[in-house]
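Take a look at the structure set out below.
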Number of protein chains: 2
Amino acid sequence: MHLLDYFLNIHFKQSQGCFAIFGFLDFLMKKKEKITIHDIAMEVGVTASTVSRALNNHPRISPATKKMVLEAARAINYKPNRIAAALRHGKSKLIGIIVPTINRNFFSSIVRGIEEYANARDYKVMISQSYDDYKKEVETIDALLDARVDGIMVSLGKNTHSFAHFESVIQKGIPLVFFDRTTDELEVNQVIIDDYAAAYQATNHLIRQGYCHIAHFTSHMKIKIYQERLRGYTQALLDNGIHFDAKMVVESNMQLDGGRNSARFLLDQSFGFDAIFSASDYAIVGALQELKKNQVRIPQEVGLIGFSNEPFTEFTEPALSTVDQKAISIGENTAALFFEMINGDSRPKPRIKKVLDANLIIRTSSSRIPNIQLNTNSTNPE
Amino acid sequence: MHLLDYFLNIHFKQSQGCFAIFGFLDFLMKKKEKITIHDIAMEVGVTASTVSRALNNHPRISPATKKMVLEAARAINYKPNRIAAALRHGKSKLIGIIVPTINRNFFSSIVRGIEEYANARDYKVMISQSYDDYKKEVETIDALLDARVDGIMVSLGKNTHSFAHFESVIQKGIPLVFFDRTTDELEVNQVIIDDYAAAYQATNHLIRQGYCHIAHFTSHMKIKIYQERLRGYTQALLDNGIHFDAKMVVESNMQLDGGRNSARFLLDQSFGFDAIFSASDYAIVGALQELKKNQVRIPQEVGLIGFSNEPFTEFTEPALSTVDQKAISIGENTAALFFEMINGDSRPKPRIKKVLDANLIIRTSSSRIPNIQLNTNSTNPE
DNA sequence: CCAGCAAATGCAATCGATTGCGCTATTATA
DNA sequence: TATAATAGCGCAATCGATTGCATTTGCTGG
């Protein structure tokens, strides 16, 4: 009886000759965190190689042996040490994610999508935040490389205008996928939504509601999504015969205060405006606050539409129209793209760009025509 | 020249006799992901043991050698393989975090606190979400154990009323720290805020504002924080000579819809109420919506206070008073507790319970007396 | 001038799982 | 029946870093 030998031997050594009789399982429990394939091997009476192959369902292992190994593994509560496996075949089964901040419904939902897709395939996820800080983003890339992740998924920080830190990832041959906040300056796969179409749709909706002096809140033009949203906004104006006025495009940090400032700027100017299409929900809330403070009635005098469908857009008074980006779907597609990359043959492929559709959610803030006005509670955020 | 030998040797083998002359650095770059201490050893002309010791600042290595090793490491862009190190000394330098959902300012801020504290000590963090689902929580514990994390930090899911999955963590000797949503049924270290004091303070504030029929929104009583908040609420009433009425305590899921339903329930009852202290910001927003729908004026007729200082509490009309839990500080303290556990001697210690103070933020929703009313924009969420 | 000690490194085993190669039986083929 | 093929499994090296013990070198004091 192999296990008995082992049991007596080890335990004898450990306790200096003074030992009591435990049950085997009890003994193995006492081992704590130390159950390896060798323990299984001993139990079954084969070598560790065979156990390893059995556990990995290797074709050259007989069904009978496999069964015994599996049973023994379960019996002694074996957990594979994925660190050892990782060292051996150079794959950590870890995926690194970098987002500007996790504290946004949009990003945390994407992460959720990635996580569920990856977990189902026995991959774990490491989440890092760049806080929109370039330096932190560079450090984070380094940290993930340090952790030996098998792939990295990134949404760029707002202040990232140089991409050398990604070059090194690419050069090391580590799969890299961008989502949402991407750039065209790198030859990488990416998953984005059709920002252009969404912006076009939103602007068009405002026009249909009778608004015709529509302002646009945007952020740094280095970021693709803002370019696209601006493009959609512009095109919608043109297609409806509305004059595009560059003064109506206001750039800010897209945060609450940025939105307030931009709204104040618009109010201070002499040219009139009767609607705002903002590329960010946060900025539009800031604008809402500023406008209300100045007794501007929403949506009667000014119509508002945000972007991202953050949960709080439902909480405001009035509820804000916005664009839902189907974040979970973005996450799933990003993860799927990663798995395509590691599973496919290694022939160099052209860049893949998945473009998903977004979804305009019309609430009170942009509904001036009564019969189109929708219920505030049309979607449930929880 | 050691490196030259190596270079010729390896490269010769790899390219079957057909090789070109690269620079050394260039060659090493081409190695991609494969630079180990052996490469450094070869470069410097010592063994891997020496390199390892030099890199770890071992006292028995001469300063001269250390310097050479460090320089060579930098020169060939060496990155330690922490997987190999992890395998060797059984420490992954990974910390697992489980939160109900990352999509809450409160939790993501805690995570941020933990992350920064841990990263500064060369530990990485793995974040998992339980989505308040018991089954998922159990699976997640398993996944983290699988990933060989060195410790686990948890905030319990709402539906977790059994704790066997944590027993196994404790038994394996893996440091376990609870934060915020904890239980007394386990003998574990924990970091919490003084929910009792915060609730007392909030209720007391309402009373000072002249509200005297104060309702309380709460959730499942298995969770310590809700017990404590209820206790604070009750005590404040008693201390002010206000009769405690169990009918005024309404239990729900603490989500938006739960808050709406609870508010409707209060409105439907014959007994009057003129204030609500909610143990959740989400529920109080639901209540706010429901009350406004019924033309109840806030704060004139009914005063409201939430809990957690979620960013959106500033966006509502009127802005909501709430309790700030200093989430980042909770995170830092939780991480600090973890490091105390792994660094201290291994003698069994009594359970540690860190209790931090919370901070009442008074906004319009509970400010009936003009001269106490504060500015809506008193704090900046970004 | 040599034992004795310490400083500085090297040797080799180890962590746990994986895998190419090789060795037996057993079965199939000629 | 003899040989080839194949299934089933063991041996030992390997992944990269770490570490107890052994070894070498240099120096000091008797």
Side-chain angles (χ1 to χ4, degrees), chain A residues 2 6 10 28 31-69 72-73 76-93 122 145-148 150, chain B residues 2 6 10 28 31-70 72-73 76-94 122 145-148 150:
Chain A
H2 300 269
Y6 183 63
I10 300 290
L28 285 170
K31 275 189 79 192
K32 281 180 188 175
E33 275 200 287
K34 292 281 172 198
I35 302 172
T36 74
I37 52 171
H38 293 94
D39 297 308
I40 302 178
M42 216 153 273
E43 167 85 346
V44 177
V46 293
T47 63
S49 325
T50 303
V51 173
S52 172
R53 291 191 175 99
L55 291 174
N56 290 301
N57 202 26
H58 191 286
R60 300 289 275 267
I61 300 296
S62 76
T65 306
K66 279 181 188 167
K67 189 159 170 285
M68 292 177 67
V69 168
I76 65 179
N77 195 30
Y78 166 77
K79 297 267 180 201
N81 185 330
R82 50 166 57 225
I83 292 187
L87 175 60
R88 181 58 226 255
H89 56 251
K91 297 182 184 204
S92 61
K93 296 224 179 189
D122 197 30
L145 256 24
D146 249 38
R148 257 39 189 201
D150 288 346
Chain B
H2 299 269
Y6 183 65
I10 298 291
L28 284 170
K31 275 192 80 195
K32 279 181 191 176
E33 274 198 288
K34 293 277 173 198
I35 301 173
T36 74
I37 53 171
H38 293 95
D39 296 309
I40 303 178
M42 215 151 274
E43 166 85 346
V44 177
V46 294
T47 62
S49 326
T50 303
V51 173
S52 173
R53 291 193 176 98
L55 291 174
N56 290 303
N57 203 25
H58 190 287
R60 298 290 274 262
I61 299 296
S62 74
T65 306
K66 277 179 190 169
K67 187 158 171 288
M68 292 179 67
V69 168
L70 262 350
I76 65 179
N77 194 29
Y78 166 76
K79 297 266 178 201
N81 185 331
R82 49 165 59 223
I83 292 187
L87 175 60
R88 181 58 226 255
H89 55 248
K91 295 180 186 207
S92 61
K93 297 227 181 187
L94 271 179
D122 197 30
L145 256 25
D146 249 38
R148 280 344 206 233
D150 288 345

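Proximity of B:Asn56 to the phosphate of D:dT18: a side-chain N or O atom is located under 4.0 Å from OP1 or OP2. Dashed line: the shortest gap from a side-chain N or O of A:Thr47 to OP1 or OP2 of D:dG10 is under 4.0 Å. Look at B:Ser52 and you won't find any side-chain N or O under 4.0 angstrom from OP1 or OP2 of D:dG16.
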Pair A:Glu43-A:Met68, side chain to side chain contact (heavy atoms under 4.5 Å, CB included): steps then yes or no: CA-CA 9 Å; A:Glu43 167 85 346; A:Met68 292 177 67; over 6 Å; no
Could you go through the side chain to side chain contact (heavy atoms under 4.5 Å, CB included) check for B:Asp146 and A:Lys79 one step at a time? CA-CA 7 Å; B:Asp146 249 38; A:Lys79 297 267 180 201; 3.6 Å; yes
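Across A:Ser92 and A:Ala86, no two heavy atoms sit closer than the pair CA-CB, 3.8 Å. Closest of all the heavy-atom pairs between A:Leu55 and A:Tyr78 is CD1-CE2, 3.7 Å.
When the nucleotides D:dC15, C:dC15, D:dA17 are ranked by their closest atom to the side chain of A:Leu87, D:dC15 comes out on top. When the nucleotides C:dT9, D:dC11, D:dG16 are ranked by their closest atom to the side chain of B:Thr50, C:dT9 comes out on top. Taking only side-chain atoms of A:His89, from C-beta outward, the nucleotide of C:dT9, C:dG16, C:dT18 with the closest atom is C:dT18. Nearest nucleotide to the A:Ser49 side chain, out of C:dG16, D:dA12, C:dA12: D:dA12. Checking C:dA17, C:dC11, D:dT18 against every side-chain atom of B:Arg53, the shortest atom distance belongs to C:dC11. In the set D:dT18, D:dG10, D:dT19, the nucleotide with an atom closest to the side chain of A:Val46 is D:dG10. Distance from the side chain of A:Thr65 is smallest to D:dC9 among D:dA17, D:dC9, C:dT18.
Atom NE2 in B:His38 sits roughly 14 Å away from atom C1' in D:dA13 (whole-Å rounding). When rounded to the nearest whole Å, the span between CZ of B:Arg148 and P of C:dC15 equals 14 Å. When rounded to the nearest whole Å, the span between OH of A:Tyr78 and P of C:dG16 equals 10 Å. Summarising the geometry, the separation between CD1 on A:Ile37 and C1' on D:dC9 is reported as 14 Å, rounded to the nearest angstrom. In this entry the distance linking NE2 of A:His58 with P of C:dC21 reads 13 Å, nearest Å. Atom CG of A:Asn81 is separated from atom P of D:dC15 by 18 Å (rounded to the nearest Å). Rounding to whole angstrom units, CG of residue B:Asp146 and C1' of C:dA17 are separated by 14 Å. Residue B:Ile40 contributes atom CD1, which lies 14 Å from atom P of C:dG10 at whole-angstrom precision.
Looking at heavy-atom distances under 4.0 Å, A:Arg82 makes no contact with the nucleic acid at all.
Below the 3.5 angstrom threshold, one finds no donor paired with an acceptor across the side chain of B:Arg88 and the base of C:dG16. A donor-acceptor contact under 3.5 Å is not formed by the side chain of A:Arg60 with the base of D:dG10.
Using a distance-only test at 3.5 Å, with no hydrogens or angles considered, a donor-acceptor pair links the side chain of A:Lys66 to the main chain of A:His58.
When B:Val44, B:Ile40, B:Ile37, B:Ile61 are each tested for a side chain to side chain contact (heavy atoms under 4.5 Å, CB included) with B:Thr50, only one passes: B:Ile61.
For B:Ile61 and A:Pro80, each mapped to the nucleotide of DNA chain C holding its nearest heavy atom, the one lying further toward the 5' end belongs to B:Ile61.
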